[in-house]
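Data first, discussion second: the structure below is written as structure tokens.
Since we're looking at a predicted model, the values are computed, not measured. Residue numbers run from 1 in the order of the sequence given.
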Amino acid sequence: MLNKRNGAKENILISNIMWSFMAKVFAMLFYFIADVFYARFLGIDAYAEWVFFFSVANMAFCLGWFGINISSKVHIAKSNEREQCLGAALGVRLGVSSILSAILIVIAPFIAGSIGYPRLYPNLRSLMYVMSGMVFLNSFTEFFKQFYIGIQELKRLCVITFIEYFSYCLFTISFLMISSNPISIACGYCAAGVAILICNALMFARRYQLHLIQKGMRNLQQQQIILKYAVPLVLTSLGGLVLMEMDTFMLGLFCAKEQVSVYSIAKQLISKATNVNMAIWTGTVASLAVITKENFEEKKNKFKKVDSLNSAVSIFVCVCFALFGGIAIKSVYGVKYRAAGSILLLLIPYYFLYCMSSLYANFLDFMGHARTRAMWFISVIVINLSFNYLLIPRYGAAGAALATTISIIPYTIYCLYDVRNIFKKKAVCFECVSSCGSNNT
């Protein structure tokens, strides 16, 4: 019976990893098909404008989430009245998204004027107006994806991820062929967002009772609970967006457009490659959440296996980037973007350190060390901003790559040390418990 139960758990674990991995593969595939088309179709200057704007948009996306998507995921997963809690979460999501989008419309011309319009980026003001719609629709796209993760519907998550990135690819390329302008890509994102929202609505209509969802949307008490829990998560989102996009943003302010373009290509290759590792974390780390005296050795060995698999995958990707990255960029994106190959080499250490630290960080969160880890994560942001400010004006994209790699080193050392410390302390603790039990006997 025990073997059957363990076998069932292993099957679920493998299934979750596979569905999560497939979702990441679809996202990477359609993202790069679209991105290569943008780079070749727009040319290096117009592509740089799109890249710069999209770094701003990504920061706006994180702000637009406002911690609500994660808060909703947690509360819906724990709720006995899932549909009503879902309705309450949707009510909060609709209200906050509407307010933030309205604010973006008002401040769009002021932001555009302060970061390069019209001297550097002639389409930036129009793009900023369209961004309000992108933020509104993206907040719902991410909301539904977090919902599927929360209720462990990873198969459904895979389906909606496929629809999402296929829609982005289809609509943006179609709009771009009608009008060769970065604004067309932004409009394509909005059209795709509408299509994704409709697909999610249809999936919900078939599975859930709409009158219970509507009842939940009127539950102000539940909405307040979700919103209150979301507020601290905003700080984490803001920290993540600074680390993710600030280097591209600062390059757009201080350097030539070519530097923005080549850095973006290299950084996106690194960023999307981490999705392979994330598929491992998503399906395995949660199963290590509870460690007892009885299962200590089993959990420790399981973590070692996950760590070894993560390390092996990371090393394999690093070798592939080192050997074939530059050739692939030149062949796919074009000769004019060949400088991205050297930037990719500088970012390889960052990729490896990020994959290691992220696995450890996920484990530490389940062990109750989230607050301490968050404090160390702030050091990454501070170091990254400081070195970006010092290195980007002098070295351009190479300086941004070096700053990104340097900033994550202390954080990775902390995560590795803390994980090892947890296992050592638990080993000592369980040994003491066994000794005391033997003495009492």
Side-chain angles (χ1 to χ4, degrees), residues 53-79 81-111 127-151 157 160 164 168 186 189-201 203-205 208 210 212-242 244-245 374:
F53 161 73
F54 200 64
S55 72
V56 177
N58 272 322
M59 290 188 278
F61 291 160
C62 292
L63 184 62
W65 300 340
F66 208 75
I68 291 167
N69 299 338
I70 297 176
S71 176
S72 300
K73 174 181 69 175
V74 171
H75 284 88
I76 292 170
K78 293 180 178 180
S79 177
E81 299 177 330
R82 181 168 290 174
E83 283 146 318
Q84 291 192 43
C85 189
L86 171 60
L90 279 169
V92 176
R93 178 72 279 163
L94 179 61
V96 173
S97 297
S98 300
I99 292 170
L100 290 176
S101 295
I103 293 172
L104 281 174
I105 291 175
V106 173
I107 65 175
F110 303 102
I111 296 177
L127 286 166
M128 294 297 292
Y129 281 123
V130 180
M131 187 179 75
S132 62
M134 293 171 64
V135 169
F136 181 87
L137 293 164
N138 174 269
S139 68
F140 280 95
T141 299
E142 293 299 320
F143 174 88
F144 289 118
K145 286 164 67 175
Q146 289 295 328
F147 171 75
Y148 297 134
I149 292 171
I151 64 171
L157 173 67
I160 206 64
E164 177 190 2
Y168 288 147
Y189 264 87
C190 289
V194 172
I196 298 161
L197 185 59
I198 292 172
C199 289
N200 276 305
M203 290 167 68
F204 269 59
Y208 299 105
L210 296 181
L212 292 177
I213 294 177
Q214 291 173 354
K215 183 179 179 181
M217 293 183 75
R218 297 190 294 269
N219 189 336
L220 296 180
Q221 184 178 3
Q222 182 67 52
Q223 290 176 5
Q224 288 175 356
I225 293 171
I226 292 172
L227 187 59
K228 184 178 180 181
Y229 190 78
V231 171
L233 297 173
V234 177
L235 297 176
T236 305
S237 296
L238 291 174
L241 71 88
V242 169
M244 181 174 60
E245 296 295 345

Output a table of donor-acceptor pairs, distance under 3.5 Å, between side-chain atoms of residues 83-109 and any protein atom two or more places apart or on a different chain; print 'none' if there are none.
from, atom 1, to, atom 2, distance (Å)
Glu83, OE2, Gln209, N, 2.9
Arg93, NE, Ser97, OG, 2.9
Arg93, NH1, Trp65, O, 3.0
Arg93, NH1, Asn69, OD1, 3.0
Arg93, NH2, Gly64, O, 2.5
Arg93, NH2, Ser97, OG, 3.1
Ser97, OG, Arg93, O, 2.7
Ser97, OG, Ser139, OG, 2.7
Ser98, OG, Leu94, O, 2.7
Ser101, OG, Ser97, O, 2.9
Ser101, OG, Ser132, O, 3.2

Reported CG-to-CD1 distance for the pair Leu227 and Ile225, which is rounded to 0.5 angstrom: 11.0 Å
For Tyr208, does the OH atom have more than 12 heavy-atom neighbours from other residues, nucleotides or ligands under 6.0 Å away? yes
Who are the salt bridge (charged side-chain N to carboxylate O under 4.0 Å, His left out) partners of Lys73, not counting sequence neighbours? none
Please round to the nearest 0.5 Å and tell me the distance separating atom SG of Cys62 and atom CD of Glu142. 9.0 Å
What distance do Ile226 atom CD1 and Asn219 atom CG have between them, rounded to the nearest 0.5 Å? 8.5 Å
Any idea which heavy atoms bring Ala186 and Leu127 closest together, and the distance? CB-CD2, 3.8 Å
I'd like to know whether Ile196 forms a side chain to side chain contact (heavy atoms under 4.5 Å, CB included) with Tyr168, so could you lay out the CA-CA distance, the side-chain angles of the two residues, the decisive distance to 0.1 Å, and finally the verdict. CA-CA 9 Å; Ile196 298 161; Tyr168 288 147; 4.0 Å; yes
Distance in Å, Leu197 CG paired with Phe140 CZ, rounded so as to fall on 0.5 Å steps: 7.0 Å
Classify the ring geometry between Phe61 and Phe54 as parallel (under 30°), tilted (30 to 60°) or perpendicular (over 60°). perpendicular
Give me the atom names and distance for the closest heavy-atom approach of Lys145 to Glu164. NZ-OE1, 2.9 Å
Separation of Tyr148 OH from Ile160 CD1 (nearest 0.5 Å): 5.0 Å
Please report the interatomic distance CE(Met134) to CE(Met131), rounded to the nearest 0.5 Å. 8.0 Å
